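One structure is given below, encoded as structure tokens.
Bear in mind that the values here come from a model prediction, so they are computed numbers and not experimental data. Throughout, protein chains are lettered first and strands after them, A, B, ... in sequence-line order, and every chain is numbered starting at 1. Atoms considered below: every heavy atom in the structure, side chains included; atoms not considered: hydrogens, waters and symmetry mates.
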There are 2 protein chains.
Amino acid sequence: MILSTKGRYGLKAAFELALNYGGGPVSLKTISSKYNISENYLEQLLAKLRKQGFIETVRGVNGGYMLARKPEEITVGMILRALEGEMTPSDCLSGDVCTRESVCATRVIFEQIEKGINNVIDNTYLGDMVRQNSKVMQEAKLL
Amino acid sequence: MILSTKGRYGLKAAFELALNYGGGPVSLKTISSKYNISENYLEQLLAKLRKQGFIETVRGVNGGYMLARKPEEITVGMILRALEGEMTPSDCLSGDVCTRESVCATRVIFEQIEKGINNVIDNTYLGDMVRQNSKVMQEAKLL
DNA sequence: AGTATACCCTAGTAAAATTGTCAACTATTC
DNA sequence: GAATAGTTGACAATTTTACTAGGGTATACT
């Protein structure tokens with residue numbers, strides 16, 4: 001599995017906040033019970049997103065989490081990288097040693113895989129996900 | 001890191017065998033010293049590739065490993081999957097539970113990431129890597 | 001003021017994955 | 001039969017993952 005629960009849970013939570021964008025804070029309990037994720041664990045993931053400026057919090061009664069920016073300004077890649085670290089298939093792309101000589105050919109592959117992934121996650125915004133979702137929900141209603 | 005050393009080392013070894021395709025077996029020692037990989041560890045990776053029919057072995061003096069098929073018939077994806085298992089970003093794509101309702105939107109992303117990766121690894125053959133490599137080596141010579 | 005709610009932060013931890021190592025064994029060649 | 005080379009299974013160190021536990025702090029409401 002390429003993504004750990006960090007990325008998967010965190011993206012779900014971020015999406016939930018995007019769904020509720022503009023409607024006040026959403027509590028941890030609400031999210032964790034809706035997606036069936038451990039409350040304390042999710043809290044740690046959301047803390048990471050907060051420290052990196054993607055979400056804001058309101059403490060106290062009726063408090064909770066909310067996106068710090070518009071859903072149209074946050075990409076899936078930003079969320080995943082904040083939680084999982086850089087999405088690179090090989091450290092040989094992180095500019096270390098690379099003895100060249102034949103290794104190069106595998107390096108090219110790693111670069112292409114990386115591009116393939118980035119192409120998706122850097123071009124999809126939380127706002128896109130919300131739109132996509134409402135479309136799916138509408139279609140479901142027609143059945 | 002998306003790929004563990006299994007996939008990275010294994011792909012390098014497979015590439016080395018592709019380079020030597022048609023020229024008799026290559027010993028474990030040769031590969032492991034060239035790429036600076038633990039001999040015993042690489043052995044386990046090559047065993048996986050052998051059990052899945054991608055490489056063949058010759059025991060005894062002058063023995064070693066060789067591709068079981070032409071480099072033009074083996075994709076990077078075959079090698080990576082043999083070593084790493086299915087390349088999926090989320091188990092929700094492996095047809096388990098998926099409670100629907102909003103989760104769907106994240107599922108769509110996971111599918112797209114998967115497609116992005118597969119598009120690269122299933123369309124690149126070891127033969128392509130060999131050609132790419134000889135091109136790079138030629139250019140290097142000109143300098 | 002007091003209490004309940006909800007986020008904040010740190011530490012610990014069991015299980016799994018990763019990344020190997022070791023050693024005895026079998027097959028082949030010279 | 002000695003040297004080379006792959007085969008196999010057991011084991012082990014380290015790291016990561018996925019949590020759990022629990023005390024602290026801010027806010028709202030009565």
task = Tell me yes or no: between the side chains of A:Tyr35 and A:Glu16, is some donor less than 3.5 Å from an acceptor?
result = yes
ask   = Within the modelled atom types, does a donor on one side and an acceptor on the other bring the side chain of A:Glu84 and the base of D:dT17 under 3.5 Å apart?
value =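 Answer no: no donor N or O sits under 3.5 Å from an acceptor.
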query = Quick one: does B:Gln44 reach the base of C:dT21 with a side-chain donor-acceptor pair under 3.5 Å?
reply =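 Indeed, a donor on one side and an acceptor on the other fall under 3.5 Å apart.
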Phosphate oxygens OP1/OP2 of [N]: is one of them under 4.0 Å from a side-chain N or O of [X]?
| X | N | result |
| --- | --- | --- |
| B:Tyr9 | C:dT19 | no |
| A:Arg50 | C:dC7 | no |
| A:Ser27 | C:dT5 | no |
| B:Ser4 | C:dA17 | no |

key: Salt bridge B:Arg81-B:Asp122, side-chain N to carboxylate O under 4.0 Å   = yes
[X] [atom1] - [N] [atom2] separation (whole Å):
| X | N | atom1 | atom2 | result |
| --- | --- | --- | --- | --- |
| A:Ile31 | C:dA6 | CD1 | C1' | 12 Å |
| B:Glu39 | C:dA23 | CD | P | 15 Å |
| A:Lys48 | D:dT16 | NZ | C1' | 11 Å |
| B:Leu45 | C:dG20 | CG | P | 9 Å |
| B:Lys51 | D:dG6 | NZ | P | 15 Å |
| B:Met66 | D:dA5 | CE | P | 15 Å |
| A:Leu83 | D:dT17 | CG | C1' | 14 Å |
| B:Tyr41 | D:dC11 | OH | P | 20 Å |

query = Which is it for A:Tyr41 and A:Thr5 under the side-chain hydrogen bond (donor to acceptor under 3.5 Å, both in side chains) test, yes or no, and what are the steps along the way?
reply = CA-CA 10 Å; A:Tyr41 184 49; A:Thr5 56; 3.0 Å; yes
remark   = Between B:Arg59 and A:Glu43, the residue closer to the 5' end of DNA chain D by nearest nucleotide is B:Arg59
Choosing from [options], which nucleotide comes nearest the side chain of [X]?
| X | options | result |
| --- | --- | --- |
| A:Thr57 | C:dC8, D:dT8, D:dC19 | C:dC8 |
| B:Val61 | D:dT4, D:dA28, C:dA6 | D:dT4 |
| A:Thr5 | D:dG6, D:dA18, C:dG20 | D:dA18 |
| A:Tyr65 | D:dC29, D:dA18, C:dC8 | C:dC8 |

ask   = For B:Leu67 and B:Ala18, which heavy atoms make the closest approach, and how far apart are they?
value =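 That closest heavy-atom pairing would be CD1-CA, 3.7 Å.
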query = Taking all non-hydrogen atoms of both residues, which atom of B:Ala14 and which atom of B:Ile79 are closest, and how far apart?
reply = CB-CD1, 4.0 Å
query = Counting heavy atoms not belonging to B:Tyr125, are there more than 12 under 6.0 Å from its OH?
reply = no
What's [X] touching, base or sugar-phosphate or nothing? Going by heavy atoms closer than 4.0 Å.
| X | answer |
| --- | --- |
| A:Leu46 | nothing |
| A:Asn40 | base |
| A:Lys6 | sugar-phosphate |

ask   = Of A:Asn62 and A:Ala47, whose nearest nucleotide on DNA chain C comes first from the 5' end?
value = A:Asn62
